[in-house]
Number of protein chains: 2
Amino acid sequence: MSANFVHLEQIKNVNREALYRNIKKKKSFLCIGLDTDIAKIPQHLLEHPDPIYEFNTAIINATHDLCVAYKPNIAFYEALGVSGWLSLEKTMSDIPDGVFTIADAKRGDIGNTSSKYAHAFFDVMDFDSITLSPYMGKDSVSPYLEYQDKWVIILALTSNQGAMDFQLMQDATDNKRLFEKVLERSQEWGSPDNMMYVVGATQASMIGDIRKIVPNHFFLVPGVGAQGGDLNEVAKYGLNDHCGLLVNSSRGIIYASSGEDFAEAAREEALKLQKEMERILGEAKLI
Amino acid sequence: MSANFVHLEQIKNVNREALYRNIKKKKSFLCIGLDTDIAKIPQHLLEHPDPIYEFNTAIINATHDLCVAYKPNIAFYEALGVSGWLSLEKTMSDIPDGVFTIADAKRGDIGNTSSKYAHAFFDVMDFDSITLSPYMGKDSVSPYLEYQDKWVIILALTSNQGAMDFQLMQDATDNKRLFEKVLERSQEWGSPDNMMYVVGATQASMIGDIRKIVPNHFFLVPGVGAQGGDLNEVAKYGLNDHCGLLVNSSRGIIYASSGEDFAEAAREEALKLQKEMERILGEAKLI
């Protein structure tokens with residue numbers, strides 16, 4: 001497929017300036033994780049033919065003015081097989097144009113295979129971005145970068161316990177840690193206009209070290225709850241002149257209530273975070 | 001879901017002894033990669049309602065007596081969206097019981113998400129195994145190991161150019177390389193009965209180093225063509241007392257012909273590799 005063809009298809013995608021404009025307009029850098037689990041959604045939705053979609057569309061309708069991005073974790077949809085893919089496709093069609101979409105897929109494979117994943121998430125699903133694991137190196141990432149106005153979001157320092165197993169390993173030649181190697185090496189693959197990094201919020205103080213290495217890139221920061229504490233730490237270390245942060249909350253928002261008021265409860269939690277973010281953006285003179 | 005329930009559901013799965021028995025019975029340690037690309041399959045198949053499935057079922061019928069495993073790379077199916085998942089589900093139902101199935105998915109995510117991928121590939125699709133990236137560490141792997149008689153296949157040293165970017169990084173404390181750290185650390189997560197490693201064939205001499213670290217585990221070795229050369233090198237360094245090797249060939253077999261004789265041509269290429277493997281197993285006194 002030619003780059004032209006891709007470009008024409010994806011004219012409405014969100015580039016870096018458009019993302020920053022949305023952040024200023026909505027006074028928010030909130031990303032809502034659509035980790036929609038059939039076992040956790042309100043039971044009354046199970047009467048619907050597609051409960052996953054019913055849940056997602058209600059969450060999106062209740063929150064899209066408060067967030068700048070949605071991040072479905074693909075595992076929750078693949079776990080349902082074909083019906084999960086159908087729910088995901090329908091969900092994507094409900095996300096308003098201009099809201100950044102992240103396929104949280106954490107893929108990573110050789111070149112010809114990566115091209116297939118890129119087609120699946122960028123052409124078939126029309127996501128703006130996809131999360132990738134860096135373990136297999138450059139040719140597992142570069143096929144995604146051939147798409148105009150599409151993004152890769154590379155795992156750097158994750159927020160889970162297992163992050164300690166390998167990501168902090170220090171290089172014998174320069175004592176740099178694996179996640180720092182990933183940040184530095186990947187600079188040669190893309191730019192702040194098509195590459196972001198996953199930086200776990202449980203590592204708030206390390207976000208400062210990471211910001212020094214990549215001053216201009218956006219970070220996708222998972223693991224921030226409804227309480228402002230983490231968020232202030234993340235902003236303190238991570239903000240740049242384009243905000244440079246997409247802070248994700250999943251369960252804290254979408255499962256705020258297990259009753260019929262789940263969408264309103266989700267909006268309330270999203271609103272708390274948006275208000276915190278508005279204050280932070282104001283104090284940073286970004287709005 | 002309880003381990004018992006899983007066990008009862010998956011009673012026919014292939015454990016280590018069963019895999020070794022199949023290798024001896026078929027005189028083969030061949031894995032055939034079903035990287036089925038709609039753009040590469042014979043054009044006459046496009047008349048069928050499900051060309052991907054038609055291609056796969058013909059390849060399986062023509063080769064299942066010559067190989068001990070099939071490895072669909074999930075990217076090729078996801079690239080087709082919902083119809084790809086349907087083709088994959090139908091393909092899985094055509095693979096004879098006892099033939100080891102590998103979901104080449106290279107997943108890797110946090111615990112609760114990994115559980116969803118495990119459900120997708122082990123319960124919904126009933127694969128025997130899945131390939132995983134180690135970047136996120138233990139909790140991105142352990143949920144898969146809770147399944148009885150299911151396997152994880154962890155990326156150690158891959159065969160692509162990008163493998164050089166991070167996998168060879170040396171640790172400052174003991175000079176061990178990242179892929180060696182992955183091999184050693186992951187020993188604490190599973191055993192030779194539920195864990196294998198991806199070891200690229202382009203690194204044949206290094207397979208010896210890896211075999212010293214993990215003497216009993218099976219290796220999934222991609223990148224071996226129809227010519228015996230690589231195969232002899234891989235066997236020289238990688239064989240153990242249970243064979244310990246699953247050598248994969250994808251394009252060299254499934255795209256041997258683009259005509260109506262594609263299945264027969266695939267069988268001929270598979271047969272060449274099986275004969276080489278029979279000689280190798282004989283010389284090693286394993287059959």
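Just so it is clear, the structure is predicted and the values come from calculations on it, not from any experiment. Just the heavy atoms: all of them, side chains too, but no hydrogens, waters or symmetry mates, feed the values below.
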Trainee: Looking at A/Asp37 and B/Lys116, is there a salt bridge between them, counting it only when a charged N and a carboxylate O are closer than 4.0 Å?
Mentor: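 So B/Lys116 pairs with A/Asp37 through a salt bridge.
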Trainee: If you compare all heavy atoms of A/Ser133 against all heavy atoms of B/Ser133, which two are closest, and at what distance to 0.1 Å?
Mentor: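 Of all heavy-atom pairs spanning A/Ser133 and B/Ser133, the closest is OG-OG, 3.1 Å.
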Trainee: Tell me, out of A/Gly137, A/Gly84, A/Gly111, who's got the most heavy-atom pairs with chain B below 4.5 Å.
Mentor: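 With the most close heavy-atom pairs to chain B, the winner is A/Gly137.
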Trainee: Most heavy-atom pairs under 4.5 angstrom with chain A, which of B/Val124, B/Leu88, B/Thr113?
Mentor: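 When all of B/Val124, B/Leu88, B/Thr113 are compared, B/Thr113 has the most.
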Trainee: Identify which of A/Asn112, A/Thr131, A/Asp35, A/Asp104 forms the greatest number of heavy-atom pairs closer than 4.5 Å to chain B.
Mentor: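 Of the options given, most contacts go to A/Asn112.
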Trainee: Can you give me the closest heavy-atom contact between B/Met169 and A/Lys176, atom names plus distance?
Mentor: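 Closest pair (atom of B/Met169, atom of A/Lys176, distance): CE-O, 3.7 Å.
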Trainee: Just jot down the side-chain contact (heavy atoms from CB on, under 4.5 Å) partners of A/Ser159, sequence neighbours excluded, or say none.
Mentor: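 So A/Ser159 forms a side-chain contact (heavy atoms from CB on, under 4.5 Å) with A/Thr202, A/Pro222.
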Trainee: Pick one of side chain, backbone, both or neither for B/Asn73, based on which atoms fall under 4.5 Å of a heavy atom in chain A.
Mentor: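 Side chain of B/Asn73 only, per the 4.5 Å heavy-atom cut-off to chain A.
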Trainee: Measure from the side-chain N and O atoms of A/Gln167 to the backbone N and O of B/Tyr135, and report whether any donor-acceptor pair falls under 3.5 Å.
Mentor: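 Indeed, once roles are kept as given, a pair shorter than 3.5 Å links the two residues.
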Trainee: Report the distance from atom CZ of B/Phe166 to atom CZ of A/Phe179, rounding to the nearest 0.5 Å.
Mentor: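 Here the interatomic distance stands at 13.0 Å.
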Trainee: Report the option among B/Gln170, B/Lys106, B/Met164, B/Glu78 that has the most heavy-atom pairs separated by less than 4.5 Å from atoms of chain A.
Mentor: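 The residue among B/Gln170, B/Lys106, B/Met164, B/Glu78 with the greatest pair count is B/Glu78.
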Trainee: Heavy-atom pairs under 4.5 Å with chain B - which of A/Pro134, A/Ser140, A/Ala163 has more of them than the others?
Mentor: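 The residue among A/Pro134, A/Ser140, A/Ala163 with the greatest pair count is A/Pro134.
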Trainee: Among B/Val82, B/Thr158, B/Ile74, B/Ile110, which residue has the highest count of heavy-atom pairs closer than 4.5 Å to chain A?
Mentor: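 Counting heavy-atom pairs under 4.5 Å, the top option is B/Val82.
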Trainee: Using every non-hydrogen atom in the two residues, find where B/Met136 and A/Leu155 come nearest and quote the distance to one decimal.
Mentor: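 Closest pair (atom of B/Met136, atom of A/Leu155, distance): SD-CD1, 3.8 Å.
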Trainee: Can you tell me which portion of B/Asp109 sits under 4.5 Å from chain A's heavy atoms? Options are side chain, backbone, both or neither.
Mentor: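 Both the backbone and the side chain of B/Asp109 come within 4.5 Å of chain A.
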Trainee: Relative to chain B, which segment of A/Arg177 carries a heavy atom at a distance below 4.5 Å: side chain, backbone, both, or neither?
Mentor: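 Answer is backbone: N, CA, C or O of A/Arg177 sit under 4.5 Å from chain B.
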Trainee: How about CD on A/Gln161, more than 12 heavy atoms from neighbouring residues, nucleotides or ligands closer than 6.0 Å, or not?
Mentor: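 No, not enclosed.
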Trainee: Which bit of B/Val141 is near chain A, if near means a heavy-atom gap under 4.5 Å: side chain, backbone, both or neither?
Mentor: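 Answer is neither: B/Val141 stays 4.5 Å or more from chain A.
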Trainee: For A/Leu80, which residues count as a side-chain contact (heavy atoms from CB on, under 4.5 Å) partner, sequence neighbours excluded?
Mentor: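 Expected list: A/Ile38, A/Ile52, A/Ser83.
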Trainee: Between A/Asn175 and chain B, which part of the residue has a heavy atom less than 4.5 Å away: side chain, backbone, both or neither?
Mentor: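 Contact with chain B involves the side chain of A/Asn175 alone.
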Trainee: Is it true that B/Lys138 and A/Asp165 have a side-chain N and a carboxylate O under 4.0 angstrom from each other?
Mentor: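 Not counted as a salt bridge, because no side-chain N and carboxylate O are separated by less than 4.0 Å.
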